[in-house]
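Order of the sequence lines sets the chain letters (A, B, ...), proteins ahead of strands, with each chain counted from 1.
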Amino acid sequence: MDQTSSHALEAPYARTLEHGSAGRPAIAAGGAPILSITGLTVVLAEQPETRLLEAVQFELRKGEFFALVGESGSGKSVLCSTIMGVASSELRCLGDIHIEGRRLSDVDRRQRAMIYQQPSLYLNPVRNIGFQLRETVQVLDGLSKKEASERAADLLRDVGINDPNETMRKYPHEMSGGMNQRVMIAMALAMKPKLLIADEPTSALDVTTQKQILDLLERLRSDMAILFVTHDLGVALQRSDRIGVLYAGQLVEIGRADLVARTPLHPYTRALFSAVPPLSGRPRRLHSPAGSLPEPTQRQAGCNFASRCSGRLDICRHTRPTLQGIPQQVVACHNLEA
Amino acid sequence: MRRNTRKIFASKIARALVTVVLMVTSVFVLMRCAGDPVTVLLGPDATADMRAAYSGELGLDRPILAQYLAYLHNIVRGSLGVSYVYRQDALGVVLSHLPLTLTLTCSALTLAALAGVAAGIAAAVFPSSFIGRACTVGTVVGLCVPSFFLAIVLMLVFSIQLNWLPTGGAESWRSLVLPAVTMAAASSAVLARYTRVAVRESLDSRYVLAAFARGIPFWRILIHHVLPNAAVPILTILGLLIGGAVTGSTVVETVFSWPGIGNLFVTSVGNRDIPVVQAIVLLAGTAMIMTNLAVDLGYTWLDPRSKSSET
Ligand SMILES: Nc1ncnc2c1ncn2[C@@H]1O[C@H](COP(=O)(O)OP(=O)(O)OP(=O)(O)O)[C@@H](O)[C@H]1O
Ligand code: SF4
Ligand SMILES: [Mg+2]
């Protein structure tokens with residue numbers, strides 16, 4: 001534990017990469033990262049001392065499936081919209097987000113796309129699916145109307161919709177949540193993104209549809225990096241290469257999915273996964289330990305988890321722990337022996 | 001789907017027709033409740049002979065149901081009695097005033113729609129800019145100032161002080177300007193307010209956020225995503241304003257001596273010219289029901305969700 005937090009994150013990439021038992025890359029695949037976030041802090045513009053995200057730092061590489069977990073209010077959606085560049089105007093972002101080595105503001109919009117938990121809210125209710133999909137490809141590629149229709153139909157076939165022309169005539173309210181989510185994914189694919197952000201894309205779907213959407217994402221991941229927000233630890237464990245645990249705006253643990261699930265190091269992660277039988281493979285909803293997440297306005301110096309932690313030390317009250325650890329798993333906690 | 005739409009249209013039209021019949025019936029009832037028509041016509045000093053003669057002539061001695069049926073029959077034939085003042089067919093008298101009222105209300109509503117929707121969009125899109133603030137302030141003023149007051153102010157400034165425009169009458173297009181502007185002021189303020197709310201709501205929606213995230217340019221989002229959504233509430237308000245314009249023109253027509261239906265209505269009430277008053281009420285009522293129907297059909301056409309949620 002002689003490394004500082006920034007070393008802990010940079011060091012793995014400088015070393016030879018270890019591979020996990022499932023043949024997955026240890027922390028990230030080789031090559032330049034697609035997404036790289038350093039020291040990202042998001043505060044309220046009106047009250048800069050209220051931090052919604054604090055010193056968030058991680059990288060995503062091509063083909064990687066990164067699961068972000070954390071209880072409601074921990075800042076997952078704020079992180080997603082900040083990366084998308086559509087964060088609310090009430091928020092201020094400090095720190096750096098780079099996509100393929102370039103600053104967010106210099107990056108072409110189509111390099112990143114996002115899908116959401118309730119797709120029907122993110123589709124215009126009074127325009128049909130065909131209009132919205134055609135518009136997206138037309139604006140991006142400057143296609144003619146006819147070419148755009150063909151491209152739209154191809155995209156719908158790509159996401160497993162077999163009657164694209166029928167679907168394009170429909171309105172969002174005439175389709176199921178799963179179908180709308182496929183349409184959202186088709187729109188995202190239209191942008192040929194390097195990074196796909198998925199904010200709980202399957203939480204509102206039934207188990208069968210959920211599996212279909214996950215399989216679809218699995219099929220698409222080779223061309224991009226996927227940041228997948230979920231409350232479902234089973235899904236995180238089964239589908240992702242790495243898991244990041246967000247607590248009160250801070251990443252408290254990042255590591256190879258199997259390690260985080262089997263040997264969680266942070267007391268909060270441990271509490272989460274203690275409720276999941278590790279080998280049953282049965283998906284479980286996120287189970288939070290007793291107590292509650294401190295509101296962004298009530299966060300103080302020291303560890304944010306201190307009020308709920310049984311292994312708390314004196315130092316925890318006044319010094320905020322930073323991420324450190326072995327290449328495959330980093331954790332922000334003062335008491336790793338607890 | 002398409003058959004569903006046709007069915008919804010048919011049921012809405014049928015409902016409007018039923019409303020017309022109810023309206024016609026309530027006019028009949030109201031006219032009878034307003035007092036004995038003979039007394040109203042002849043005044044309290046009339047002799048019994050005169051009363052009896054009048055009752056017979058108007059058919060008021062027959063049973064009420066027979067009177068009602070005769071009334072309906074006359075309406076269907078388009079005969080609403082003879083004006084006591086003009087000694088002509090009442091409906092004819094009213095219709096001869098219609099073109100001027102239509103000219104006034106149509107100009108006023110067009111003006112109101114253009115100004116109101118434009119101001120509403122500007123106020124929603126640029127809330128803190130000068131133009132946005134100006135629209136917001138203008139809206140409040142337009143809503144608060146009563147139209148007779150505005151009429152007098154406009155008349156003082158543009159007719160009496162500057163002598164640019166006539167104070168009344170309907171001689172040339174110049175006579176139209178002040179009454180049309182007066183009538184448009186309040187309507188455009190109402191419209192601007194609802195437009196601003198509707199556009200703002202749509203701009204804040206998640207589908208607009210997602211469209212931004214897909215890289216769709218702002219103006220395209222405004223025209224193709226925001227306005228089609230905002231159109232539904234805007235159309236509803238516009239329909240109410242059109243319905244209200246029929247009665248709203250009364251004050252303006254009177255102040256500017258614009259010889260339209262509103263003016264005729266005020267004079268006819270003063271003259272106790274009941275057939276003309278009745279013809280105006282029936283016509284205005286029908287016009288209101290028809291604009292509501294048009295709005296309703298337009299709404300169904302604009303909002304695909306209303307087609308499937310209707311039973
Ligand atoms: N525009 C904003 N202004 C003020 N506070 C905000 C804003 N957006 C989010 N927050 C606050 O930031 C915190 C994190 O919110 P966020 O939506 O990111 O949570 P989340 O992790 O996505 O939760 P969930 O699992 O419920 O989706 C919450 O306390 C929320 O109240
Ligand atoms: S830093 Fe201290 S309080 Fe925070 S999780 Fe670790 S042991 Fe618990
Ligand atoms: Mg969220």
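Remark: Phe149(B) CZ is loosely packed, at most 12 non-hydrogen atoms of other residues, nucleotides or ligands lying under 6.0 Å away. Glu100(A) CD: more than 12 foreign heavy atoms inside a 6.0 Å radius. Around CZ of Arg193(B), the count of heavy atoms belonging to other residues, nucleotides or ligands within 6.0 Å does not exceed 12. Tyr194(B) OH: 12 or fewer foreign heavy atoms inside a 6.0 Å radius. A 6.0 Å sphere centred on CG of Asp204(B) holds more than 12 heavy atoms belonging to other residues, nucleotides or ligands.
At a threshold of 4.5 Å between non-hydrogen side-chain atoms, the residues Asn124(A) and Asn229(B) count as touching. His224(B) has its side chain within reach of Phe131(A): a pair of non-hydrogen atoms, C-beta onward, lies under 4.5 Å apart.
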Take Gln118(A) and Arg206(B), measure what side-chain contact (heavy atoms from CB on, under 4.5 Å) needs, and give me the verdict at the end. CA-CA 10 Å; Gln118(A) 294 153 294; Arg206(B) 307 198 200 181; 3.6 Å; yes
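With a threshold of 4.5 angstrom between heavy atoms, Leu123(A) approaches chain B through N, CA, C or O but not through any side-chain atom. At a 4.5 Å heavy-atom cutoff, the contact between Arg127(A) and chain B is made by side-chain atoms alone. Using a 4.5 Å cut-off between heavy atoms, Met114(A) makes no contact with chain B at all.
In this structure, the separation between CG on Leu121(A) and CG on Leu209(B) is 11.5 Å, given to the nearest 0.5 Å.
Nearest heavy-atom pair, Pro228(B) versus Val126(A), reported as atom, atom and distance to 0.1 Å: CB-CG2, 3.8 Å.
With 3.5 Å as the limit, one finds a donor-acceptor pair spanning the side chains of Glu135(A) and His225(B).
Considering only heavy-atom pairs separated by less than 4.5 Å from chain A, the leading option among Ala231(B), Ala210(B), Ala211(B), Ser205(B) is Ala210(B).
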